[in-house]
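Before any comments, here is the structure.
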Amino acid sequence: MNREFIKNMILAKQHERDAFLSLLSPSIAQHVSVIEKEVKGIVVDLAREWALDVGAAVSTAEQEKTAGSEHDKKVRKVSID
């Protein structure tokens, strides 16, 4: 996408948020801001945990793949009768 378009969309959403908060009383607007910060924190924590889980799964899969390939490369003695 065009960078200018993305910047304009972000700015539009910020103006939309400010307009919404201006319709509320100051005490309620403050509560909404606190809730917004908490939700952002939750999303960041979830993303971090998800990334760690995916990273652990990938490293486990790589270890299993490496262990499996080493097992296949072992030399075995074959006797022909």
Side-chain angles (χ1 to χ4, degrees):
M1 276 202 237
N2 188 356
R3 287 183 183 261
E4 192 67 28
F5 174 75
I6 293 172
K7 288 179 185 177
N8 288 337
M9 288 301 294
I10 291 172
L11 185 61
K13 286 298 178 181
Q14 289 173 347
H15 288 305
E16 185 179 330
R17 177 187 168 275
D18 292 341
F20 172 73
L21 290 176
S22 70
L23 295 174
L24 303 174
S25 68
S27 62
I28 294 175
Q30 186 178 13
H31 287 294
V32 170
S33 295
V34 170
I35 292 170
E36 181 182 19
K37 289 178 185 176
E38 290 177 0
V39 169
K40 285 180 183 178
I42 290 171
V43 169
V44 168
D45 289 342
L46 287 173
R48 187 178 301 132
E49 288 180 20
W50 179 79
L52 290 175
D53 288 344
V54 168
V58 167
S59 65
T60 302
E62 288 176 354
Q63 287 175 354
E64 289 176 355
K65 182 179 178 182
T66 304
S69 63
E70 288 175 1
H71 179 65
D72 294 340
K73 292 183 180 180
K74 289 185 178 178
V75 178
R76 297 179 185 150
K77 183 176 181 179
V78 178
S79 60
I80 300 175
D81 295 325

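This is a predicted model, so every value here is computed, not measured.
Closest non-hydrogen pair, Ala56 versus Ser59, comes out as O-OG, 2.9 Å.
Here the straight-line distance linking atom CZ of Arg17 with atom OG of Ser33 works out to 5.0 Å at 0.5 Å rounding. Summarising the geometry, atom CG belonging to Asn2 is positioned 9.5 Å from atom NZ belonging to Lys7; distances are rounded to the nearest 0.5 Å. To the nearest 0.5 Å, atom CG of residue Asp18 and atom CD of residue Gln14 are 7.5 Å apart.
For the pair Ser25 and His31, the minimum side-chain heavy-atom distance is 4.5 Å or more.
Two different hydrophobic clusters hold Val32 and Leu23 under the rule that ILVMFWY side chains link at heavy-atom gaps under 4.5 Å. Both Val43 and Ile35 are members of a single hydrophobic cluster when ILVMFWY side chains are connected at heavy-atom separations under 4.5 Å.
Residue Glu36 places its CD atom among more than 12 non-hydrogen atoms of other residues, nucleotides or ligands, all under 6.0 Å distant.
If you run side-chain contact (heavy atoms from CB on, under 4.5 Å) between Ile42 and each of Leu46, Asp45, Val44, only Leu46 comes through.
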